[in-house]
Protein chains: 2
Amino acid sequence: MTDSDLSRVLTLERFFPYRLSILSNTVSGIIADTYKDKFAISITEWRIMAVLGEYPGISADEVSLKTHIEKSIISRAVSKLLQRKLIEREFDPEDRRRSMLQLSPTGKSVYNDVVPTSYEYEEKLLCCFNDEERRQFSDLIDRLHQHAGALQDDEQHS
Amino acid sequence: MTDSDLSRVLTLERFFPYRLSILSNTVSGIIADTYKDKFAISITEWRIMAVLGEYPGISADEVSLKTHIEKSIISRAVSKLLQRKLIEREFDPEDRRRSMLQLSPTGKSVYNDVVPTSYEYEEKLLCCFNDEERRQFSDLIDRLHQHAGALQDDEQHS
DNA sequence: GCAGGTTGGTTGCTAATGCAACCATAAGTG
DNA sequence: CACTTATGGTTGCATTAGCAACCAACCTGC
């Protein structure tokens, strides 16, 4: 026991969850700047557009699953993107609740502009790693993500 | 050029900034659950308390620098923590603008409860890595963080 | 010692977030 | 066919974040 009454001190700067958070925010922040100024798109909006580029025609719910963004947030972002005519929406005739979303022509041109810039930035970011280190980093992230997901499920069951 | 008019598709799930963001949110989220229910403390509030445990007596501004949290958010969180008597505040007689913050006795007891749990969780999380992998991961994070910081500074100067 | 600039901190305002309640459609059950 | 349950999506509401304007205390050069 120290004289400060703290039985053990947490060193925030060395705490993994904190370091991940800071790193992630820094990285996402810089990259968001590249399209925020040019197209006035938020990170959330860009992620929606990104999955629609990958999976044209999916529903809002599927977008939510793929981006890990709350469905209410998706709903509002979608209506904003519709207003700005960056995406288009139809409804599934087989199931009239289900929306089918895709990028509009304008949305596609924005997409085509943002994607290379994003990859360029990713490259610029990762250039401090060699190929072997990239593979390692990628592998470690995947494994940690999977493990964290398993932990999360455990907590929910208890 | 594909028939979808997209010159190049971005695979969000494999995009590093995105993967970091998801991982970070998962990790921080689970750990926050451990003290959110018990003490009704948010991540922001906990981070403030954490640096005060490490550096008792520092000012709000220093807390902001160490946690990377906006000073306005710090300001509001501090007044909330003061109300709840989790921290204490005095003002520097040498510079009466400057606050000197520290954990209160109650704050310390909360701190003493949360810290071991947090470390336990960190351990539980990292147990999917061996020692060598932990060192690697830690090293890669640090280097990437440093590199990203440098990139950020570059952007601001241009 | 006082005008101009800095720094520490607070507050106002707007936007974004997250939860829960809700509505409409669909699917399963007796 | 009703009747319940599940699903996709929207909306209301309370909280939080983030920027900019601001105030008050300090510091500097004259």
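Predicted, not measured: the structure shown is a model, and the values here were computed from it.
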Got a sec, which pairs hit ring pair (Phe, Tyr, Trp, His ring centres under 6.0 Å) with one end in residues 42-68 of chain B, sequence neighbours left out? Y35(B)-W46(B), W46(B)-Y111(B)
Of all of [range], which get a heavy atom below 4.0 angstrom from DNA chain D, listed by number?
{"range": "residues 76-87 of chain B", "value": "R76(B), K80(B)"}
{"range": "residues 35-64 of chain A", "value": "S59(A), A60(A), D61(A)"}
{"range": "residues 15-23 of chain B", "value": "none"}

Exam field: side chain [X] to backbone [Y], donor-acceptor pair closer than 3.5 Å:
{"X": "E45(A)", "Y": "A77(A)", "answer": "no"}
{"X": "H147(B)", "Y": "K124(A)", "answer": "yes"}
{"X": "R134(A)", "Y": "L126(A)", "answer": "yes"}
{"X": "S64(B)", "Y": "I69(B)", "answer": "yes"}

Rounded off to whole Å, could you give me the [atom1]-to-[atom2] distance for the [X] and [N] pair?
{"X": "R96(B)", "N": "dC26(D)", "atom1": "CZ", "atom2": "C1'", "value": "10 Å"}
{"X": "D33(A)", "N": "dG18(D)", "atom1": "CG", "atom2": "C1'", "value": "14 Å"}
{"X": "I73(B)", "N": "dG18(D)", "atom1": "CD1", "atom2": "P", "value": "4 Å"}
{"X": "I74(B)", "N": "dA17(D)", "atom1": "CD1", "atom2": "P", "value": "10 Å"}
{"X": "E90(A)", "N": "dG9(D)", "atom1": "CD", "atom2": "P", "value": "14 Å"}

Could I get the full list of ring pair (Phe, Tyr, Trp, His ring centres under 6.0 Å) partners for F91(A), not counting sequence neighbours? none
For [X], all residues meeting side chain to side chain donor-acceptor pair (under 3.5 Å), sequence neighbours excluded:
{"X": "N25(A)", "answer": "none"}
{"X": "D142(A)", "answer": "R14(B), R19(B)"}
{"X": "E133(A)", "answer": "R143(B)"}

5'-most to 3'-most nt of DNA chain C touching chain A (<4.0 Å, heavy-atom partner on protein side) reads dA16(C) to dA26(C)
Would you tell me whether S59(A) and E62(A) have side-chain atoms, one donor and one acceptor, within less than 3.5 Å of each other? yes
Please determine, by modelled atom types, if S21(A) and R47(B) share a side-chain donor-acceptor pair under 3.5 angstrom.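 The criterion, which ignores hydrogens and geometry beyond distance, is satisfied for R47(B) and S21(A).
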State which residues pass side chain to side chain contact (heavy atoms under 4.5 Å, CB included) with E94(A); sequence neighbours excluded, sorted by chain then number.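 By the side chain to side chain contact (heavy atoms under 4.5 Å, CB included) rule, E94(A) matches D92(A).
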Non-neighbouring partners of E90(B) that pass side chain to side chain contact (heavy atoms under 4.5 Å, CB included), sequence neighbours left out: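 Per chain and number, E90(B) pairs via side chain to side chain contact (heavy atoms under 4.5 Å, CB included) with M100(B).
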Could you say whether D95(B) or S72(B) is positioned toward the 5' end of DNA chain C, judged by the nucleotide with the nearest heavy atom to each?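 Whichever sits nearer the 5' end wins; that is D95(B).
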Give a yes/no on whether any side-chain N or O of R98(A) is located under 4.0 angstrom from OP1 or OP2 of dT7(D).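 So the side chain of R98(A) is outside the cut-off, no N or O lying under 4.0 Å from OP1 or OP2 of dT7(D).
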Any side-chain N or O of S99(A) below 4.0 angstrom from OP1/OP2 of dG9(D)?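 So the side-chain polar atoms of S99(A) do come within 4.0 Å of the phosphate oxygens OP1 or OP2 of dG9(D), strictly under.
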State plainly whether the residues D61(B) and K71(B) are in salt-bridge range, i.e. N to O under 4.0 Å.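 The answer is no: the pair does not qualify as a salt bridge.
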Considering the terminal five base pairs at each end of the helix from dG1(C)-dC30(D) to dG30(C)-dC1(D), what angle separates the two local helix axes, rounded to 10°? 10°
Taking a hydrophobic cluster as the set of Ile, Leu, Val, Met, Phe, Trp and Tyr residues connected by side-chain heavy atoms closer than 4.5 Å, whether directly or through intermediates, do I87(B) and L65(B) fall within one such cluster? no
If you look at every heavy atom in L10(A) and S118(B), which pair is closest and at what distance?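 Smallest interatomic distance, heavy atoms only, reads CD1-CB, 4.0 Å.
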